[in-house]
Visitor: 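First the structure, then my questions, so here it is.
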Amino acid sequence: MTEPAWLTVLTTTDSEEKARVLARDVVEARLAACAQISAPVTSVYRWQDAVETAEEWQVLFKTTSARYDELEAHLVAAHDYATPEIIAMPVVRGSERYLAWVTAETAPTATL
């Protein structure tokens with residue numbers, strides 16, 4: 001099976017400000033072409049043998065498969081959760097112009 005060229009990567013965090021910082025830092029680092037913040041969502045999950053409920057903000061990053069490993073490493077390092085949600089979903093189809101833009105905006109910058 002071939003790896004998809006583009007991905008939408010999801011993470012969550014516990015405040016709008018943290019979501020904005022994650023989004024801005026990732027886009028500035030060219031690890032994603034854009035990030036969309038959805039707010040707030042209610043998460044219900046099991047953590048350390050207890051069922052928890054929390055208000056969280058979702059951040060969706062638009063990126064390429066080539067940049068995923070760096071994006072995941074950045075999110076893990078920047079996140080304050082012990083086990084942050086980081087899920088990559090393949091983009092199987094999309095506007096040719098939009099996907100070309102994602103590719104161009106996530107291309108690593110040349111070093112001198």
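Only a predicted model underlies this, so the values are computations on that prediction, with no experimental measurement involved.
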Visitor: Can you tell me how far CZ of Arg46 sits from CG of Asp49, rounded to the nearest 0.5 angstrom?
Guide: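 So the gap between those two atoms works out to 7.5 Å.
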
Visitor: Please tell me whether Leu7 and Ile87 are part of a single hydrophobic cluster in this structure, the criterion being side-chain heavy atoms less than 4.5 Å apart.
Guide: no

Visitor: Tell me if a side-chain donor or acceptor on Arg30 pairs with a main-chain N or O of Ala107 at a distance below 3.5 Å.
Guide: yes

Visitor: Whether the side chain of His79 engages the backbone of Thr12 through a donor-acceptor N/O pair (distance < 3.5 Å, no angle test) should be reported.
Guide: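 Answer holds: yes.
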
Visitor: Got a salt bridge between Arg20 and Glu17, using NZ or NE/NH1/NH2 to carboxylate O under 4.0 Å?
Guide: no

Visitor: Give the C-alpha distance, both sets of side-chain angles, the deciding distance and a yes or no for side-chain contact (heavy atoms from CB on, under 4.5 Å) between Gln36 and Val59.
Guide: CA-CA 6 Å; Gln36 297 169 318; Val59 186; over 6 Å; no

Visitor: Rounded to the nearest 0.5 Å, how far apart are OG of Ser38 and CD of Glu56?
Guide: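 Reported value, rounded in 0.5 Å steps: 12.5 Å.
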
Visitor: Looking at every non-hydrogen atom in both residues, tell me the closest pair between Val26 and Ala32 and how far apart they are.
Guide: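 For Val26 versus Ala32, the nearest heavy atoms are CG1-CB, 3.6 Å.
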
Visitor: Might you point out which heavy atoms bring Arg67 and Pro108 nearest each other, and give the distance in Å?
Guide: NH1-CG, 3.3 Å

Visitor: Atom OH of Tyr45 and atom CD of Glu52: how far apart are they, to the nearest 0.5 Å?
Guide: 5.0 Å

Visitor: Over all heavy atoms of both residues, which pair between Trp57 and Asp14 is shortest? Give the atoms and the distance, please.
Guide: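 So the two residues come closest at CZ3-O, 3.5 Å.
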
Visitor: For a quick test of your reading: what N or O donor-acceptor pairs under 3.5 Å do the side chains of residues 90-106 make, sequence neighbours left out?
Guide:
residue : atom : partner : partner atom : Å
Ser95   : OG   : Arg97   : N            : 3.4
Ser95   : OG   : Tyr98   : N            : 3.3
Thr103  : OG1  : Trp6    : NE1          : 2.9
Thr103  : OG1  : Leu99   : O            : 3.0
Thr106  : OG1  : Val102  : O            : 2.8
Thr106  : OG1  : Thr103  : O            : 3.3

Visitor: Under the 3.5 angstrom rule, does the side chain of Ser65 hit a backbone N or O of Pro4 as a donor-acceptor pair?
Guide: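 Answer holds: yes.
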
Visitor: Would you find a donor on one side and an acceptor on the other, under 3.5 Å apart, between the side chain of Thr11 and the backbone of Glu85?
Guide: yes

Visitor: Return the set of residues passing salt bridge (charged side-chain N to carboxylate O under 4.0 Å, His left out) with Lys62 (not counting sequence neighbours), or none when no residue passes.
Guide: none

Visitor: What about Phe61 and Tyr81, same hydrophobic cluster or not, with Ile/Leu/Val/Met/Phe/Trp/Tyr joined at side-chain heavy-atom distances under 4.5 Å?
Guide: no

Visitor: Pair Met89, Leu10 - check side-chain contact (heavy atoms from CB on, under 4.5 Å), show working.
Guide: CA-CA 8 Å; Met89 297 159 282; Leu10 166 70; 3.9 Å; yes

Visitor: Please find the pair of heavy atoms, one from Ile86 and one from Val76, that lie closest to each other, and give the distance.
Guide: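 So the minimum-distance heavy-atom pair works out to CD1-CG2, 3.7 Å.
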
Visitor: Locate the shortest heavy-atom distance separating Asp80 from Lys18; write the atom from each residue and the value.
Guide: OD2-NZ, 2.5 Å

Visitor: Which atom names give the shortest non-hydrogen contact between Ala88 and Val9, and what distance separates them?
Guide: CB-CG2, 4.1 Å

